[in-house]
Amino acid sequence: MFDIVYLLEMTGIVAFAISGMLVARAKNMDPVGVFTIGFITAMGGGTLRDLILDNHPVYWIQHQELPMLILVLAIVFSYWQRAGRLPTSKIVLPDAIGLGVFSILGAQLALDLGHSWFIASLLGVMTGTFGGALRDTLCNEVPSIFRKDQIYASISFAGCWVYFLCQWLLENEALALTIGLLFIVIVRMAAVRFDIRLQRDPTQG
Amino acid sequence: MFDIVYLLEMTGIVAFAISGMLVARAKNMDPVGVFTIGFITAMGGGTLRDLILDNHPVYWIQHQELPMLILVLAIVFSYWQRAGRLPTSKIVLPDAIGLGVFSILGAQLALDLGHSWFIASLLGVMTGTFGGALRDTLCNEVPSIFRKDQIYASISFAGCWVYFLCQWLLENEALALTIGLLFIVIVRMAAVRFDIRLQRDPTQG
Amino acid sequence: MFDIVYLLEMTGIVAFAISGMLVARAKNMDPVGVFTIGFITAMGGGTLRDLILDNHPVYWIQHQELPMLILVLAIVFSYWQRAGRLPTSKIVLPDAIGLGVFSILGAQLALDLGHSWFIASLLGVMTGTFGGALRDTLCNEVPSIFRKDQIYASISFAGCWVYFLCQWLLENEALALTIGLLFIVIVRMAAVRFDIRLQRDPTQG
């Protein structure tokens with residue numbers, strides 16, 4: 001199980017880093033800005049989770065291959081023209097995997113440290129979404145997770161509860177993790193595909 | 001004494017959460033955004049204080065009824081039209097109570113941990129004002145606490161020193177807390193009522 | 001050695017605080033805003049470093065003369081007209097010294113706590129640049145360290161590696177610190193003087 005989780009986590013980090021780098025390129029930032037925004041998007045949620053839970057050392061200090069990977073990605077993105085022109089649509093699936101992996105693993109860590117389901121779900125959502133919120137704030141935009149044109153954080157929240165319920169009903173950690181993760185990935189892909197929202201904008205027909 | 005403090009703290013949290021939710025509604029955010037901005041406005045200052053003072057677990061992890069309360073408020077605010085149209089003027093008094101309670105309790109915690117009056121006053125101001133500053137930054141506005149059209153952080157700072165002096169002169173914790181709190185609430189209400197500022201804008205007559 | 005390091009650190013803090021206060025004045029903030037932005041610019045990087053490394057108490061709580069100094073500076077800047085009109089060009093040298101001192105001392109602290117060169121260089125860059133990034137974010141601008149019109153964070157990164165190499169080759173801590181610091185200050189001044197960039201903007205001839 002561990003290897004699959006690690007592989008998925010890596011996929012999520014790469015997807016989140018790339019989503020940050022695409023925004024940084026669009027804002028015409030230099031290679032350092034591309035690395036920094038990529039790093040913050042991929043690591044911001046987990047760092048906040050570790051600080052709030054007093055879980056030291058922070059995970060990217062323990063796994064320094066992760067910031068190294070982001071450094072390599074940033075160099076590729078800054079100097080290889082084709083990477084910089086990657087359309088955003090290509091990263092929807094890996095981004096959904098990242099959201100799923102980060103949310104469920106964040107919630108799992110909080111449970112392991114003895115916190116309640118409710119607190120664990122809040123920390124799962126933070127881990128999954130805070131990096132993207134920081135990316136948008138640093139790039140001077142209202143965070144896209146707060147905008148009505150997509151659902152994102154609420155899928156993460158629901159996925160954490162699916163994971164808790166499965167853990168409670170099935171008493172099988174690996175299976176519960178998998179179901180929670182698949183729930184988030186599938187619902188997120190469906191929400192993008194069918195344009196599902198929590199609330200219609202009253203100004204639009 | 002404890003029950004009154006807890007009641008006042010609850011009032012402050014509700015007031016801060018509502019002030020965040022009103023801004024989030026004005027920015028046309030969805031229910032998740034409304035919850036998140038409300039949560040950050042109410043909890044941001046205390047979370048920063050606990051992280052800087054290494055005071056774990058962070059207070060809303062210890063008191064999970066507080067984030068639950070904010071979740072309920074966010075649902076009310078998002079789906080009940082009348083709540084969303086609450087005029088900002090209605091929250092000036094509870095917001096002033098929140099500023100007072102958070103500032104004085106933040107300063108008290110720093111004193112309890114053995115820090116000096118000066119450091120405690122800085123942490124009091126952080127606890128009282130940082131949530132609102134995060135709210136404005138995430139909503140992509142220059143934080144209103146920095147603008148010349150109101151005094152806010154300086155009242156919090158002065159109130160902390162009123163509290164320290166009373167504690168030193170009266171040697172009665174409950175009385176000192178009450179006087180510091182009343183000082184902040186009354187001066188803040190007076191500042192709003194009579195439009196008192198630290199510095200006049202030179203471009204205005 | 002200690003006294004020179006402390007003097008340089010003080011220079012860096014004053015320079016960073018002043019750079020924040022100049023931006024705050026330009027945004028027409030009141031004295032509280034001027035203090036807050038000055039404080040965050042000078043202390044933000046070191047505070048983030050201490051939180052991520054779990055290094056408590058945070059350094060400005062240990063050295064409360066530093067926030068006091070910033071308070072005095074903020075009063076001078078807010079009420080003494082000439083200080084508020086200080087041209088930005090005057091702070092390029094002290095700002096470069098601040099970047100150098102903060103980067104090298106941040107990296108040194110991470111090494112002392114047993115982390116690798118790569119992690120130490122990331123923390124050095126954070127310590128050196130995060131305060132300025134927070135300043136720009138709070139003032140609602142895309143952080144200048146990410147813009148193509150200057151190199152800043154990459155000089156900090158390179159300087160950390162110069163320091164590590166000298167430490168390894170020369171086995172003399174004081175000499176390695178000095179060379180790393182001078183490298184950052186000189187390259188930064190040269191970059192400003194000769195308008196050196198990492199990447200040319202393709203839209204400009």
Side-chain angles (χ1 to χ4, degrees), chain A residues 20-21 23-41 43-44 46-72 74-75 77-81 84-85 133-143, chain C residues 45 47-56 58 99 109-111 113-123 125-126 128-130 132-158 161 191 196-204:
Chain A
M21 291 174 188
V23 177
R25 289 285 301 176
K27 289 273 172 175
N28 210 17
M29 290 185 184
D30 76 355
V32 175
V34 169
F35 169 71
T36 310
I37 299 291
F39 182 85
I40 288 172
T41 309
M43 302 300 182
T47 304
L48 182 71
R49 176 202 63 199
D50 287 345
L51 291 180
I52 286 179
L53 292 176
D54 201 21
N55 182 47
H56 289 279
V58 166
Y59 81 113
W60 53 266
I61 289 186
Q62 266 178 314
H63 295 283
Q64 51 169 312
E65 69 276 10
L66 300 177
M68 282 177 186
L69 179 66
I70 293 175
L71 185 61
V72 172
I75 294 168
F77 253 76
S78 296
Y79 293 103
W80 188 39
Q81 289 293 324
R85 286 198 301 266
L134 277 180
R135 171 196 64 209
D136 295 338
T137 303
L138 284 172
C139 293
N140 213 2
E141 292 184 350
V142 172
Chain C
T47 304
L48 182 72
R49 176 203 61 200
D50 286 345
L51 291 180
I52 286 180
L53 291 176
D54 199 24
N55 182 48
H56 290 280
V58 166
L99 179 69
L109 176 66
L111 287 186
L113 293 171
H115 298 295
S116 71
W117 284 358
F118 180 65
I119 293 295
S121 68
L122 290 185
L123 282 155
V125 175
M126 270 184 205
T129 65
F130 193 72
L134 277 180
R135 172 195 62 207
D136 295 339
T137 303
L138 283 172
C139 294
N140 214 1
E141 292 183 350
V142 172
S144 62
I145 60 159
F146 299 151
R147 298 183 64 81
K148 287 208 177 151
D149 49 350
Q150 50 180 326
I151 56 174
Y152 198 89
S154 36
I155 296 176
S156 159
F157 187 76
W161 287 93
I196 299 167
R197 303 174 190 197
L198 272 192
Q199 219 174 33
R200 286 284 146 189
D201 196 325
T203 59
Q204 290 173 12

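Predicted model, so just to flag it, every value in this text is computed and none were measured. Here is the naming used below: chain letters follow the sequence lines, and residue numbers restart at 1 for every chain.
Between Asp54(C) and Asp54(A), the closest side-chain pair of non-hydrogen atoms falls below 4.5 Å.
By the side-chain contact (heavy atoms from CB on, under 4.5 Å) test, Gln62(A) pairs with Pro57(A), sequence neighbours left out.
In this structure, chain C has a heavy atom under 4.5 Å from the side chain of Leu51(A), while its backbone stays farther away. Proximity to chain A is limited to the side chain of Leu122(C), based on heavy atoms less than 4.5 angstrom apart.
To the nearest 0.5 Å, the span separating CD on Gln64(A) from CH2 on Trp117(C) amounts to 12.5 Å.
Here the shortest heavy-atom pairing between Trp60(A) and Ile119(C) reads O-CD1, 3.6 Å.
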